Amino acid sequence: MAATIPRGIRVIDWKNADKSRSIRYRVRVERGDFVVDRSFSDLERAKLFLEDTKTPQGRLLIAQGRDRASLVVDEVERLAAEFIKEGRCTLSHAIDSYLRAYVNGKLESEVDKERVTAKAAKARLEFCKTVRVPYIKPGHVVPSGPLASLRQFAKGYDEKPIGDFYIDDLTEQETTEYINARLRAGKANSTIKRDIYALQSVVNKLRYTDNKAWKRLNGYNPFVQADKSKLKGGERRRRRIISDAEEEALLAELRKCRNPEMPMIFALAISTGMRRAELLGLRWSQVDLDRGVIHLNADQTKASEDRMVILLPEAREAFKAIPQVDDRVFHYKIEGFKTNFQRVLKRAGLTDIHMHDTRRSFISRVLKNITASPVAIADMVGARSVSNLERRTIDRIRQHEMIEAGAIKTEQELRWTVQHKDGQTTSRYANLAPERTE
DNA sequence: ATTCCAGTCCGGCACTGTTT
DNA sequence: AAACAGTGCCGGACTGGAAT
């Protein structure tokens, strides 16, 4: 049957050296700046591609390699690989699906924070695939009972990268072996925890990335069941607070930098309590110097909720000193600032200071000044229940009152500005602050 | 109060570009 | 050429909010 070939697609029919014949469908389009030339073995995909070249959206997708024809090819190859194995899916496949759905799109993000996070997530998961885990080959008896502990001497004992396992073959035994393998490699508990939780998330997200594979698991997630007891131990919390003398010394060193943004960024960090990524991503349109407030959008904060940061007089002055060249307040990328800050710390002989310590220092300083508050810090831990809509409305009004006053007078107001949801989090800082003047 | 989980930040290093 | 800067990667560690 002769399929009709639409205008725009040309059939290429050639004879190979081994006398076999190949037919491909070539789509070649040149319209102004838009030039593509691609051939397909499947006419339907060629038609799909041709269609995409005809709309602006389609051309954009083609430029990004995300046009329908390409995606169909990707998907077909992936499905083919999985159907061969009775619809089963390896952990590597699941990780790839996860990266495609949740991470890859952010690798080229304009938002610095997003890009850095996406790259780190991808690197971690790609590495996790390769960790070798022992198992008993199919067809051999898995030792149990008194012989269970002699597993590694059993017939059929072998090891392979955890990514090569089919997910429904993974049990808590394999995932626990993963933990053991990483421990043997001398990795820190917190690092291994990060691995396990990342993989756990990959399996959970199968529900959305590969529903068929997810249903096979029937709610079972081998990483949830892994024996994490060896990874336990009180979680360490950093306690460092920057003293006034240290701040002075550091500022002096920062002022010697060629880039005048260095001291400004640090000064603002310690006078607003803002996080590094929040400061570096800040735009002038978000800064209201007249009212003395910064509006942060939800996608800029760690808590993924928007918030208002009050500018105390010190911070307000600091902002006024910054020249406005374009909408960005600072022009560093995260990595650039980090490295330079590191070098300055070294020069100042203050190598045990971290950038995030500015946040802790800000909180402890403000707490020291809140002497009129009726609420003792100890009480803060208990008072964290009401958060219904009505309360939120009242909070909003009080936040505006605080900004009007240009000062932070209570712990609650402090929490608003640093975006701690409850006294629990702030108290982690508060307990570590220097003695409060009662 | 501790643990879970995911988001964010850290030091060290390599490489490249710019200023002194 | 030496010092200073900017960017990116990697394995590791800390943080924030909620569950236990």
Side-chain angles (χ1 to χ4, degrees), chain A residues 98 102-103 106-108 111-128 130-131 182 185-205 221 223-224 226 228-229 231-240 253 256-262 269 273-281 298-305 307 330-347 351-360 363 381-382 384-385 387 415 418-429 431-432:
Chain A
Y98 177 87
Y102 298 103
V103 177
K106 294 179 182 170
L107 287 176
E108 304 297 329
V111 182
D112 209 26
K113 184 185 76 154
E114 262 181 19
R115 197 179 54 247
V116 171
T117 306
K119 284 186 179 175
K122 178 164 182 159
R124 177 175 298 278
L125 285 174
E126 293 288 359
F127 173 81
C128 286
T130 70
V131 173
R182 295 284 275 153
K187 300 305 172 191
N189 289 1
S190 63
T191 303
I192 305 173
K193 271 193 203 173
R194 295 288 330 249
D195 287 358
I196 293 293
Y197 292 137
L199 292 167
Q200 184 175 310
S201 183
V202 164
V203 174
N204 283 337
K205 286 281 194 280
N221 186 332
F223 293 100
V224 173
K228 296 163 190 155
S229 59
L231 306 178
K232 272 187 186 160
E235 293 195 1
R236 279 173 294 182
R237 295 251 166 201
R238 198 174 157 80
R239 308 186 157 214
R240 189 75 160 81
E253 197 64 44
K256 294 181 195 161
C257 289
R258 270 211 295 267
N259 191 328
E261 291 187 357
M262 288 299 290
M274 287 169 73
R275 301 181 183 93
R276 183 181 66 183
E278 290 167 354
L279 266 173
L280 296 182
D299 59 358
Q300 290 175 300
T301 70
K302 180 171 180 173
S304 298
E305 283 179 18
R307 86 168 187 275
F330 300 113
H331 301 79
Y332 265 111
K333 291 194 175 182
I334 288 173
E335 298 287 6
F337 172 77
K338 187 187 74 175
T339 305
N340 212 14
F341 188 66
Q342 205 52 40
R343 286 168 181 151
V344 175
L345 284 174
K346 212 167 193 174
R347 272 179 247 151
T351 45
D352 63 334
I353 288 181
H354 294 176
M355 183 63 184
H356 201 79
D357 296 344
T358 55
R359 189 163 153 83
R360 206 175 294 106
I363 290 174
V381 184
R384 52 173 160 109
S385 51
S387 63
R415 270 182 252 150
V418 296
Q419 200 172 42
H420 285 166
K421 285 269 175 70
D422 49 44
Q424 179 184 26
T425 306
T426 315
S427 67
R428 285 170 180 159
Y429 289 82
N431 290 338
L432 317 166

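Numbers restart at 1 for each chain; the letters A, B, ... are given by sequence-line order, proteins then strands. The shown structure was predicted, so the numbers you read here are calculated from the model rather than taken from an experiment.
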What is the distance, to the nearest angstrom, from the [atom1] atom on [X] to the [atom2] atom on [N]?
| X | N | atom1 | atom2 | value |
| --- | --- | --- | --- | --- |
| A:R194 | B:dG7 | CZ | P | 8 Å |
| A:R347 | B:dG11 | CZ | C1' | 16 Å |
| A:Y197 | C:dA19 | OH | C1' | 12 Å |
| A:K193 | C:dG11 | NZ | C1' | 17 Å |
| A:I334 | B:dG7 | CD1 | P | 15 Å |
| A:Q200 | B:dA6 | CD | C1' | 11 Å |
| A:F223 | B:dC4 | CZ | C1' | 17 Å |
| A:K256 | C:dC4 | NZ | C1' | 14 Å |

Report each atom pair, protein N/O against N/O of nucleotides 16-20 of chain B, whose distance is under 3.5 angstrom.
none

Phosphate contact ([N] OP1 or OP2) by [X] side-chain N/O below 4.0 Å:
| X | N | result |
| --- | --- | --- |
| A:R276 | B:dG7 | no |
| A:H354 | C:dG12 | no |
| A:S190 | C:dC14 | no |
| A:K228 | B:dC5 | yes |
| A:Q342 | B:dC10 | no |
| A:S201 | B:dA6 | yes |

Comparing A:V224 and A:V116 on DNA chain B - which has the more 5′ nearest nucleotide: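 Whichever sits nearer the 5' end wins; that is A:V224.
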
Shortest non-hydrogen contact from [X] toward [Y]:
| X | Y | result |
| --- | --- | --- |
| A:E335 | A:V116 | OE2-CG1, 4.3 Å |
| A:C257 | A:V344 | SG-CG2, 3.5 Å |
| A:D112 | A:I334 | OD2-N, 2.6 Å |
| A:Q300 | A:E278 | O-CG, 3.4 Å |

Compare all side-chain heavy atoms of [X] with those of [Y] and state whether any distance is below 4.5 angstrom.
| X | Y | result |
| --- | --- | --- |
| A:K119 | A:L107 | yes |
| A:K113 | A:R275 | no |
| A:S190 | A:R194 | no |
| A:Y332 | A:R276 | no |
| A:K193 | A:K228 | no |
| A:D299 | A:V111 | no |

Nearest-nucleotide comparison on DNA chain C, the residue closer to the 5′ end among A:R124 and A:R275: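 Result of the comparison: A:R124.
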
Side chain to side chain donor-acceptor pair (under 3.5 Å) partner of A:D195, chosen from A:R182, A:K187, A:Q200: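 Result for side chain to side chain donor-acceptor pair (under 3.5 Å) with A:D195: A:R182.
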
Geometric class of the A:Y98/A:Y102 ring pair [parallel <30°, tilted 30-60°, perpendicular >60°]: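 Answer is tilted, since the angle falls between 30° and 60°.
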
Enumerate the protein-to-nucleotides 6-9 of chain C contacts in which both atoms are nitrogen or oxygen and the separation is below 3.5 Å.
from, atom 1, to, atom 2, distance (Å)
C:dG6, OP1, A:N259, ND2, 3.0
C:dG6, OP2, A:Y332, OH, 2.5
C:dG6, OP2, A:N340, ND2, 3.1
C:dG6, N7, A:R343, NH1, 3.2
C:dG6, O6, A:R343, NH2, 3.0
C:dT7, O4, A:T339, OG1, 3.4
C:dG8, O6, A:T339, OG1, 3.4
C:dC9, OP2, A:K119, NZ, 3.1
C:dC9, N4, A:E335, OE1, 3.2

Inter-end axis angle, the helix from B:dA1-C:dT20 to B:dT20-C:dA1, with every axis fitted to five base pairs (rounded, 10 degrees): 40°

